[in-house]
Amino acid sequence: MREKAQNPVTLSDELLGWYDIHARIMPWRVPPQNRRAGQTPDPYRVWLSEVMLQQTTVVTVRDYFERFTARWPTVTDLARARDADVMGEWAGLGYYARARNLLKCARAVVADHDGAFPADHSVLLKLPGIGPYTAAAISSIAFDLPHAVLDGNVERVMARLHDIHTPLPDAKPLLMTQAEALTPQQRPGDYAQAVMDLGATICTPKSPACGICPWRAPCLARARGTAADLPRKTPKKPKPTRRGTVYLGQREDGAWLLETRPEKGLLGGMLGWPGSEWVDITQPPPQTTPPADAQWVQLNAEVRHTFTHFHLTLAVFTAQIDPSTEPHQGRFIPRSEFRPSDLPTVMRKALNLAKDAL
DNA sequence: TATGCGTGGGG
DNA sequence: TCCCCAAGCAT
């Protein structure tokens with residue numbers, strides 16, 4: 001009774017208890033007690049982690065964050081990095097436009113903001129790769145400005161708390177209104193991270209742990225038994241399947257024939273194997289021209305990979321290429337300069353198939 | 001406003 | 001084996 005009268009929808013000790021546990025596995029986070037002791041988060045680390053966390057899980061981001069901050073400890077270091085180094089370090093993380101915008105943003109911060117992230121939501125919003133969510137996250141977490149974060153977690157928590165049945169993305173404005181109403185003036189950074197943790201670990205998409213939820217008392221969906229069905233979402237389109245061919249050519253000295261993909265579009269700016277266009281399986285197969293003259297042999301196995309919006313099947317050809325041969329597509333990268341980890345996952349799958357075949 | 005854009009893990 | 005989903009952004 002008393003609990004309801006106090007409105008437990010807030011940054012309670014119970015909510016902070018969960019938040020504190022998660023801080024240990026997130027190297028970018030300053031735990032609440034350290035923050036109260038005066039320690040403030042490094043805006044560079046907050047920004048970097050938030051960009052990496054876009055549509056990506058904490059477990060996946062952790063190692064990438066550690067490698068990036070070890071190699072480029074400050075935004076100035078990152079701004080000076082070579083494009084290929086940053087793209088290679090990002091390889092495997094996906095959504096590669098984030099890495100291209102990461103570099104643009106770092107260079108803009110150095111060139112236009114004296115190497116310091118601006119403590120201003122509307123200014124942050126103008127930087128490359130920083131949208132409404134990330135601007136609010138940096139504002140609140142790094143600068144303790146009271147901006148409401150609305151990510152997938154908060155959308156779900158708000159939809160359930162208020163039993164909102166309007167499907168996403170139409171419900172976003174309403175959910176944002178609810179999120180703003182709950183965002184406190186005191187410690188908005190701790191609150192933002194705590195409410196996202198709540199969504200990630202308790203108010204989960206499937207079988208939410210309502211029994212241990214700090215907000216179980218005021219939750220309307222919990223009371224009405226609708227929590228597991230929320231938020232509603234508009235149905236998605238089915239994924240088509242495309243086909244293509246890649247060519248893995250290697251010289252006797254171990255150099256691989258690779259290309260840097262165009263800046264725009266799928267896997268933009270990433271290293272990859274030369275090959276054909278990727279066309280829908282309902283279309284006639286594309287003509288494939290090998291990137292260099294050699295005895296190309298097709299592998300028995302094919303690469304299967306699923307992107308956000310289509311399935312892909314790749315035929316793989318391999319060949320030893322004579323040292324005197326000039327490629328008409330791509331360039332040779334010496335063995336000493338090539339790390340398989342610099343490849344996006346689909347390209348790494350092709351390499352692994354070729355290695356298995358040898 | 002709708003679409004393009006990665007990847008890995010869980011149910 | 002599939003589908004769903006994750007601390008979204010750009011165009």
Side-chain angles (χ1 to χ4, degrees), chain A residues 19 22 25-26 28-29 45-65 87 90-102 104-105 124-142 147-157 168-170 172-173 176 179 189 191-201 203-208 228 231-242 261-270 272 278 304-312 341 343-349:
Chain A
Y19 169 82
H22 305 312
I25 63 164
M26 302 187 203
W28 49 84
R29 182 172 286 185
R45 293 166 64 88
V46 173
W47 162 73
L48 179 62
S49 65
E50 289 300 339
V51 172
M52 287 181 166
L53 285 164
Q54 289 167 9
Q55 299 287 283
T56 310
T57 58
V58 167
V59 173
T60 301
V61 163
R62 215 186 121 87
D63 292 343
Y64 281 87
F65 179 84
M87 300 311 289
W90 194 277
L93 200 51
Y95 285 134
Y96 298 101
R98 292 185 294 173
R100 303 194 297 273
N101 285 328
L102 192 78
K104 285 185 195 165
C105 183
L124 288 166
L125 207 43
K126 295 190 178 93
L127 290 165
I130 297 184
Y133 164 76
T134 306
I138 298 172
S139 297
S140 59
I141 298 170
H147 288 271
V149 293
L150 187 67
D151 70 332
N153 291 307
V154 180
E155 286 173 357
R156 187 170 54 256
V157 171
L168 284 167
D170 287 356
K172 272 200 171 196
M176 180 53 119
Y191 171 81
Q193 292 173 93
V195 68
M196 289 191 285
D197 284 358
L198 181 68
T201 62
C203 194
T204 49
K206 292 167 189 171
S207 52
R232 295 183 54 192
K233 299 194 174 181
T234 53
K236 317 187 164 166
K237 293 179 182 174
K239 289 180 197 211
T241 300
R242 298 180 191 170
R261 298 172 61 87
E263 280 293 305
K264 298 203 178 278
L266 190 70
L267 309 179
M270 298 300 293
W278 300 345
R304 299 178 66 82
H305 191 75
T306 299
F307 292 100
T308 309
H309 52 296
F310 66 93
H311 303 289
L312 177 67
S341 64
L343 295 172
T345 298
V346 64
M347 300 297 174
R348 196 152 33 80
K349 283 184 181 177

Nearest to the side chain of A:Pro205 - C:dC5, B:dT7, B:dT3?
C:dC5

When you check the phosphate oxygens OP1 and OP2 of C:dA10, does a side-chain N or O of A:Tyr95 lie under 4.0 Å from one of them?
no

To the nearest angstrom, how far is A:Leu312 atom CG from B:dG6 atom C1'?
12 Å

Can you identify which nucleotide, out of B:dG4, C:dC9, B:dT7, has its nearest atom closest to the A:His305 side chain?
B:dT7

When the distance from CZ of A:Arg242 to P of B:dG6 is rounded to whole Å, what number comes out?
12 Å

For A:Glu263, is there any backbone N or O sitting under 3.5 Å from a side-chain donor or acceptor partner on A:Tyr96?
no

Once you apply a heavy-atom cut-off of 4.0 Å, does A:Met347 come out as touching a base, just sugar-phosphate, or nothing?
nothing

If I take atom NE2 in residue A:His311 and atom P in nucleotide B:dT7, what distance separates them, rounded to the nearest angstrom?
15 Å

For a quick check, tell me whether the side chain of A:Thr56 and the base of B:dG6 share a donor-acceptor pair closer than 3.5 Å.
yes

Under 4.0 Å, heavy atoms only, any strand: does A:Lys349 hit a base, just the sugar-phosphate, or nothing?
nothing

Whole angstrom is fine here: how far is it from NZ in A:Lys126 over to P in C:dC9?
16 Å

Measure the distance from CG on A:Leu93 to P on B:dC5 and round it to the nearest whole Å.
18 Å

Heavy atoms only, 4.0 Å cut-off, all strands: where does A:Ile130 land among base, sugar-phosphate and nothing?
sugar-phosphate

Does this structure show an ion pair linking A:Asp197 with A:Arg29, if we count only N-O contacts that are shorter than 4.0 Å?
yes

With a 4.0 Å limit, can you tell me whether A:Thr308 has a side-chain N or O closer than that to the phosphate oxygens OP1/OP2 of B:dT7?
no

With the side chain defined as heavy atoms from C-beta on, A:Asp151 is closest, among C:dG8, C:dC5, B:dT7, to C:dG8

Nucleotide of B:dC5, B:dG6, C:dC9 approaching A:Pro132 most closely (side-chain heavy atoms)
C:dC9

Closer than 4.0 Å, any side-chain N/O of A:Lys239 to the OP1 or OP2 of C:dC2?
no

Looking at A:Thr60 and B:dG8, is any side-chain donor or acceptor paired with a base atom of the opposite kind under 3.5 Å?
no

